[in-house]
Amino acid sequence: MDKIIIKGGKKLTGHVRVSCAKNAYLPLMAAVLLSDKKICFKNLPELADIRTMNKLLEKLGVHTNSDENKTCYDCTKISKYEATYDLVKTMRASILVLGPLLARFKQAKVSLPGGCAIGTRPIDIHLSNLEKMGAEITIEGGYVSAKTDGLIGADLTLSFPSVGATENIMMAAVYANGPTTIRNAAREPEIRDLGDFLNLLGAKVEGAGSSIVTITPATSINEVVYEAIPDRIEACTYIIAGLITNSEITVENVIPHDIDAVCSTLKEMGANLEIGQRSIKVLPSLLKGVSVDTEPHPGFPTDVQAQIMALCTQAQGTSIISEKIFENRFMHVPELHRMNAKIILKGHTAIVEGKGSLSGAPVMCTDLRASAALVLAALAAEGETEIRRVYHLDRGYEKLDQKLQGLGADIVRVKE
């Protein structure tokens, strides 16, 4: 098992390039199951979740072939329709194979999903709406079993703008009989990206990235070569890395519009950001406290809550951070306490006293974004921080230690 050791207090400098988004590629990888033609993806990030999804697809009978920066999929010989517990337990996104398997093969069996323990995240929104499209669904022995004589288009209204449910329904609708409309759809950029891919595949998707998405089924399927959007959460993490170390760095391969809420909050704190067309330059800044409420996109993303909390420990004054998406997403707070952070929890709200002197300490990753917060805090801390259980970090950040080394951070990965 690996651990990361960081000696804090060093200024960062230079350029860092953001990888393609894991949260965009996972539904795109599930969507290859819709195709009987070759699908190729460019610049798949080297991440644990991507490897897990590849293993899941291969177990279903998908043939994969990688060459330099391109990975191609052949789904002409799908032989199984079951996503087993041994793979699904580690990654919640595995539930995304349900929609495409059901649409194309009229049957699917998927283990109830796992992933980071940050909340309950039920899949009832997925299942209830697939049932409205004509699926017969049972849950038994920890598995979701679904079958259909053929999905039918429907006018659906989600009880919550669930990203995964929106994606599953969009993919299921590609082979439905008649158009499907999703109201109160998730508006995340990754939804827009999936819509762009499905349009190239042969469906007609309108409104992806807005609250109303309409999918007209495909009449034929095309070969596709596609590259996902940049990872907006990774971009935010590096922007905050520059700010927390009071450094000048440039974050490249970013779509600024996709992180408007984060940039607005950072500017409210006093961050000096030069926003370009596909890059953001971070300049040394005098920061002050801020109030943050996490919300579905286009609000402030829950996936950046832990990182901005680390930043708030170095801002002047008090910050108030309210987590309104997941009920158990403050697991990084006890670890930040070990680094001398002054944070008080009151229910789903964290009160952060700024301008404290962080000190290096042994800490433990509890989930993906909490891991990033510990890395950021370690960059600003005095002394050495030893971060264990970094496999959480490896689920969502490609070569983070190497990228930070390239910016001048004193960070090493070692085997325990």
Side-chain angles (χ1 to χ4, degrees), residues 4 6 8-24 43 45-47 189 228-267 269-285 287 292 300-315 332 365 368-381 385 387 390 392-413:
I4 285 176
I6 299 174
K10 292 197 68 174
K11 294 278 189 180
L12 306 181
T13 184
H15 298 244
V16 61
R17 184 173 179 80
V18 172
S19 300
C20 290
K22 176 201 80 160
N23 287 341
N43 295 314
E46 297 177 22
L47 297 171
I229 57 174
D231 192 318
R232 60 194 171 97
I233 307 303
E234 183 187 358
C236 293
T237 302
Y238 287 120
I239 291 167
I240 294 173
L243 291 170
I244 203 168
T245 57
N246 203 30
S247 301
E248 180 178 321
I249 66 170
T250 300
V251 181
E252 299 176 335
N253 193 35
V254 56
I255 301 174
H257 175 71
D258 288 347
I259 55 172
D260 273 346
V262 175
C263 289
S264 294
T265 299
L266 294 175
K267 287 181 177 180
M269 295 180 72
N272 192 353
L273 306 177
E274 292 182 359
I275 299 178
Q277 190 172 359
R278 295 280 292 196
S279 67
I280 295 179
K281 187 174 185 179
V282 182
L283 298 167
S285 307
L287 302 176
V292 177
F300 192 96
T302 180
D303 279 353
V304 187
Q305 176 257 106
Q307 298 93 309
I308 202 164
M309 187 181 295
L311 180 63
C312 287
T313 68
Q314 301 304 291
H332 46 284
C365 299
L368 172 54
R369 305 307 173 186
S371 309
L374 297 180
V375 170
L376 293 169
L379 292 173
T385 300
I387 305 175
V390 297
H392 286 290
L393 193 70
D394 295 338
R395 288 187 52 228
Y397 288 93
E398 183 179 37
K399 301 177 181 177
L400 178 133
D401 50 323
Q402 295 177 37
K403 290 183 178 182
L404 287 174
Q405 284 173 359
L407 292 172
D410 190 340
I411 176 172
V412 294
R413 178 186 289 257

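Starting from 1, each residue takes its place in the sequence as its number.
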Kindly indicate whether the side chain of [X], heavy atoms from C-beta on, has any atom under 4.5 Å from the side chain of [Y].
| X | Y | value |
| --- | --- | --- |
| Ile233 | Tyr397 | yes |
| Gln402 | Arg413 | no |
| Ile280 | Thr250 | no |
| Val412 | Asp401 | no |
| Ile387 | Cys365 | yes |
| Asn23 | Asp303 | yes |
| Lys22 | Leu368 | yes |
| Ile239 | Leu273 | yes |

For [X], what residues pass the side-chain hydrogen bond (donor to acceptor under 3.5 Å, both in side chains) criterion, not counting sequence neighbours?
| X | answer |
| --- | --- |
| Arg17 | none |
| Thr302 | Glu323, Arg329 |
| Glu234 | Lys403 |
| Asp260 | His257 |

[X]: partners by side-chain contact (heavy atoms from CB on, under 4.5 Å), with sequence neighbours left out:
| X | result |
| --- | --- |
| Ala409 | Leu12, Leu379, Leu404, Ile411 |
| Ala24 | Ala21, Glu190, Asp193, Ala228, Ile229 |
| Gln314 | Ile244, Leu358, Ala380 |
| Cys312 | Met269, Val290, Ile308, Ser319, Ile321, Val352 |

Which residues pass the salt bridge (Lys or Arg N to Asp or Glu O under 4.0 Å) test with Lys267, sequence neighbours left out?
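None.
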Under the rule for salt bridge (Lys or Arg N to Asp or Glu O under 4.0 Å), what residues qualify as partners of Asp258, not counting sequence neighbours?
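For Asp258, the residues satisfying salt bridge (Lys or Arg N to Asp or Glu O under 4.0 Å) (neighbours in sequence not counted) are Arg192.
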So which heavy atom on Pro301 is nearest to which on Val262, and how close?
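For Pro301 versus Val262, the nearest heavy atoms are CD-CG2, 3.6 Å.
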Search all heavy atoms of Gln277 against all heavy atoms of Pro256 and return the closest pair with its distance.
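For Gln277 and Pro256, the tightest heavy-atom pair comes out as O-CD, 3.4 Å.
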Classify the side-chain pair His332/Gln307 by whether it contains a donor and acceptor separated by less than 3.5 Å.
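Side-chain D/A pair, His332 to Gln307: absent.
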Taking atom [atom1] of [X] and atom [atom2] of [Y], what is their separation to the nearest 0.5 Å?
| X | Y | atom1 | atom2 | answer |
| --- | --- | --- | --- | --- |
| Ser19 | Asp231 | OG | CG | 7.5 Å |
| Leu393 | Leu374 | CG | CG | 9.0 Å |
| Leu407 | Ser247 | CG | OG | 8.5 Å |
| Leu243 | Leu287 | CG | CG | 5.5 Å |

Could you walk me through whether Val304 and Thr237 pass side-chain contact (heavy atoms from CB on, under 4.5 Å), step by step?
CA-CA 7 Å; Val304 187; Thr237 302; over 6 Å; no
Is a salt bridge present between Asp410 and Lys10, judged by a nitrogen-to-oxygen distance below 4.0 Å?
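Salt bridge absent between Asp410 and Lys10.
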Between Lys399 and Asp394, does any NZ, NE, NH1 or NH2 come within less than 4.0 Å of an OD or OE carboxylate oxygen?
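Lys399 and Asp394: not salt-bridged.
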Assess the residue pair Val375 and Leu400 against the criterion (side-chain contact (heavy atoms from CB on, under 4.5 Å)); give the C-alpha distance rounded to whole Å, side-chain angles, the decisive distance to 0.1 Å, and a yes or no.
CA-CA 10 Å; Val375 170; Leu400 178 133; 3.9 Å; yes
Quick check against the 3.5 Å criterion: does [X] have a side-chain atom that pairs as donor or acceptor with the backbone of [Y]?
| X | Y | value |
| --- | --- | --- |
| Thr265 | Cys263 | no |
| Ser279 | Gly276 | no |
| Asn246 | Ser285 | yes |
| Thr313 | Ala310 | yes |

Would Arg232 and Ile255 satisfy side-chain contact (heavy atoms from CB on, under 4.5 Å), going step by step from the backbone distance to the final call?
CA-CA 7 Å; Arg232 60 194 171 97; Ile255 301 174; over 6 Å; no
According to salt bridge (Lys or Arg N to Asp or Glu O under 4.0 Å), does anything in residues 237-254 pair up with another residue at least two apart or in another chain? List the pairs.
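Every pair satisfying salt bridge (Lys or Arg N to Asp or Glu O under 4.0 Å) with a residue in residues 237-254: Glu248-Lys281.
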side-chain contact (heavy atoms from CB on, under 4.5 Å) assessment of Val292 paired with Gln305
CA-CA 8 Å; Val292 177; Gln305 176 257 106; over 6 Å; no
